[in-house]
Amino acid sequence: MSYSFIKFNDEIVDSKIMMELTDLARLLMKKREVTVSVRKYSYYDPVENTFNLSFFWKHRTDITEREGFRYDLLTRYPSAFINDYSQYGSMKGKGVLAQQIFLSLEYYRNRRAAFNSRPLISSFVEKGDAIRVREYSRNAASDAEAFIRSFNIAILERSESMHAFDADFPLVSTSTKDSIRMTSDIISTLSPRISLNTTFQIHDMPFNEISAFNKTTPFRKDAASLEEHIENEEEATHSVDTKTDRDAEDANVLGETGDNASRKSAHGRQNDHNDDVSDYYEGFGRNAGDNQFEDRGRINQHATLNVLRPKIKLSQYKDYQNIYESYNYVAQKVIGDITQILNYKMNAYQTRRTSGKLMKNPVGPLMENSHKLFVKKNTESKEIDAVFTIIIDQSFSMTEHLAGCRNGAIILNNILRSLHIPHRIISYHEDTFEVMKNHYPNNIYEHMDFDRSRYYYPVSLMDLEASGDNRDGLIIRNEMENLVQRSEKDKFIIMFSDGLPSAEQYNQSGIIDTHEAVQEARRSGIQVINMFIDQDNEENTLTAIRNIYDTDTVIVHSAEEIAFALPNLLKRVLTKVLM
């Protein structure tokens, strides 16, 4: 769990801006899974499928952060189409000057491709170009640094070549292979004239990672066709699947940060999911059933799900009963109000019909010369056609809040069970103690399943214990998959949390992933409601949470308030379903 906005080196980046930029990147690059991050230098990382924006645009008075980040995207987005990364391994181990020249030539190719594909970009980047020119015009510490600065100023001024140290240097390459050749020629020309030693950088690229990736999963080598792809992309497609239906200018996006402590969870033997308490073993057990869900998104590609069922101790029934009875009056108030609405709908009559039972006093219709003299009793069902999933964030930051969330879940079970509404209650966390490279195990503890929810009590909630991190987007998608299989008309997810998602390799992208999961659920007809515990949170956190869940966010200032806020929320939801 973390604070509100994305942090990089103790700096804060507005998560809403990151969400907007992610949508813009996906729109421009035609890559649904691309993510956006902020680093020292701007570049597209093909290995991680991440577009890095430059921290250069923070804390400036001559341009807004949003405009600066957009500048990076607009001038570099063709990288995914026209850069032949299969050739990049040859630049690994080259000197800084050679790498900077090569990356400058590739950057110029990107700019020209962007301008050719979308001519309006040319005017959009003028402000950013002017700022960069001023930055590159500063005094250099060496001849090599002066060359890099002048080389990039010439690129920003859209020149065909540059004159320096009594020689002319071309700037326009036609392919990655051509950029490599031109770099070699430029270094050969510079070598007898200046010292090539420098540590100064304007551009960056993970050459080592790309080279290693090429050995196992080579990038496409058809550079010629890639060149044509960017030039003809407008004809190839006119739509992109982004998180919102707005265009690039109005798109909406998020990001985040933070690390949690880790703690190991106890695992035990399997159980058969039978009802009797004696059929539960000590500890937790891996679900004996098949869990077919798999999140194919890149951010969760190494995450696994273990569906576990906690034991029930006979000694916990008394404690459960005490909590149940303490809040029973609150639950009964909601049950009574909803039952009254149901009874009214069942007993209500439809008047002035053309068929049915003759009205006792049809004077009105007769005076109006109407033939609608009949009434008909409604035939509403006694049951509400709805289903709920209750999700409790069990990560370490929830330590002080789990008791309140547990009480809320007990009240929900009381109300929903009494109204014969099927529901599922789970808690979850990422097992940080078991996390390894490319393996992020996540545990879902099933305290109540749909089939048993009409008759049984989630007594295992009494053993809730904080542990690990929270990969919210993964869990929401898993529960969404369970709900879409059900036949009920109205479907809901109620999620208890106290902050932003954070897990292994899930810091910057976690909010975006969770936001997308919520949007996917809504497109599937599932309403996701967040019960957010706002204790000692900054306003920025609330802004990010609202960006994820929109208006479906219920904020309480302490977990103790949940027991009273939740019944009112459920009453509003069910009343809306019925009416």
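Note that the structure is predicted; figures quoted are calculated from it, not measured.
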**OP:** Step through the shown structure and confirm whether more than 12 heavy atoms of other residues, nucleotides or ligands are within 6.0 Å of CD on Glu325.
**Re:** yes

Original post:
Which residues satisfy the side-chain hydrogen bond (donor to acceptor under 3.5 Å, both in side chains) test with Arg546, sequence neighbours excluded?
Top reply: none

Subject >> Residue pair Glu481 / Gln485, side-chain donor-acceptor N/O under 3.5 Å >> reply: no

**OP:** Please report the shortest heavy-atom distance between Ile63 and Gly68, naming the atom on each side.
**Re:** CD1-N, 3.9 Å

Original post:
Is a side-chain N or O of Arg471 found less than 3.5 angstrom from the main chain of Glu504, in a donor-acceptor match?
Top reply: yes

Show me, pair by pair, the donor-acceptor contacts under 3.5 angstrom made by side chains of residues 561-573, not counting sequence neighbours?
unit_1: Glu561; atom_1: OE1; unit_2: His557; atom_2: N; d: 3.4
unit_1: Asn568; atom_1: ND2; unit_2: Phe564; atom_2: O; d: 3.3
unit_1: Lys571; atom_1: NZ; unit_2: Asp337; atom_2: OD2; d: 2.7

Original post:
Do the side chains of Ile390 and Ile426 get nearer than 4.5 Å, heavy atoms only?
Top reply: no

Original post:
Going by atom types only, do Asn322 and Tyr320 share a side-chain donor-acceptor pair under 3.5 Å?
Top reply: no

Subject >> Arg60 charged N/C atom sitting above Phe56 aromatic ring, 6.0 Å / 45° >> reply: yes

Subject >> Ser79 and Asn110 side chains, donor-acceptor separation under 3.5 Å >> reply: yes

**OP:** Taking atom types as modelled, find out whether Tyr457 and Arg452 have a side-chain donor-acceptor pair closer than 3.5 angstrom.
**Re:** no

**OP:** Kindly say whether Tyr71 contributes a backbone atom to a donor-acceptor pair with the side chain of Lys127 at under 3.5 angstrom?
**Re:** no

Original post:
Stepwise, does the side-chain contact (heavy atoms from CB on, under 4.5 Å) test hold for Phe51 with Thr22?
Top reply: CA-CA 9 Å; Phe51 200 108; Thr22 300; over 6 Å; no

Original post:
With distance as the sole test, does Ser427 use its side chain to make a donor-acceptor pair with the main-chain N or O of Ile392 at under 3.5 Å?
Top reply: no

Subject >> Candidates Asn49, Thr50, Asn52 - the one meeting side chain to side chain donor-acceptor pair (under 3.5 Å) with Tyr44 >> reply: Asn49

**OP:** Would you list the pairs meeting salt bridge (Lys or Arg N to Asp or Glu O under 4.0 Å) in which at least one residue belongs to residues 408-424, sequence neighbours left out?
**Re:** Arg424-Glu446, Arg424-Glu479

Original post:
Judged by atom type as modelled, is there a donor-acceptor pair below 3.5 Å linking the side chain of Asn306 to the main-chain atoms of Thr304?
Top reply: no

**OP:** Run the numbers on Asp513 and Arg477 for salt bridge (charged side-chain N to carboxylate O under 4.0 Å, His left out), then give the verdict.
**Re:** CA-CA 10 Å; Asp513 183 59; Arg477 287 190 181 89; 2.8 Å; yes

**OP:** Examine distances only and state if a side-chain atom of Thr399 and a backbone atom of Phe396 form a donor-acceptor pair shorter than 3.5 Å.
**Re:** yes

Subject >> Residues His429 and Asn442: side-chain donor-acceptor under 3.5 angstrom >> reply: no

Original post:
With a 4.5 Å limit on heavy-atom distance, are the side chains of Ile131 and Trp57 in contact?
Top reply: yes

Original post:
Among side-chain atoms of His447 and Ser460, is any donor-acceptor pair under 3.5 angstrom?
Top reply: yes

Original post:
Is the backbone N or O of Ile421 less than 3.5 Å from a side-chain atom of His423, with the two atoms forming a donor-acceptor pair by type?
Top reply: yes

Subject >> Test log, rule salt bridge (charged side-chain N to carboxylate O under 4.0 Å, His left out), inputs Asp552 and Arg522 >> reply: CA-CA 11 Å; Asp552 292 328; Arg522 288 175 180 166; 3.2 Å; yes

Original post:
Quick one: does Lys311's side chain get under 4.5 Å of Asp463's, heavy atoms only?
Top reply: yes

Original post:
Counting N and O atoms only, with roles assigned by atom type, does the side chain of His515 sit under 3.5 Å from a partner on the main chain of Asn547, one being a donor and the other an acceptor?
Top reply: yes

Original post:
In terms of side-chain heavy atoms, does Glu430 have a donor or acceptor partner in Asn470 at a distance below 3.5 Å?
Top reply: no

Subject >> Ser497 versus Asn530, side-chain donor and acceptor atoms under 3.5 Å >> reply: yes

Subject >> Side chain to side chain, Tyr43 and Asp72, heavy atoms closer than 4.5 Å >> reply: no

Original post:
Hey, are the side chains of Val387 and Phe450 touching, using non-hydrogen atoms and a 4.5 Å cut-off?
Top reply: yes

Original post:
Does a side-chain heavy-atom distance below 4.5 Å link Phe492 with Ile526?
Top reply: no

**OP:** Please examine the side chains of Val518 and Gln527, heavy atoms only from C-beta on, and report whether any two atoms are closer than 4.5 Å.
**Re:** no

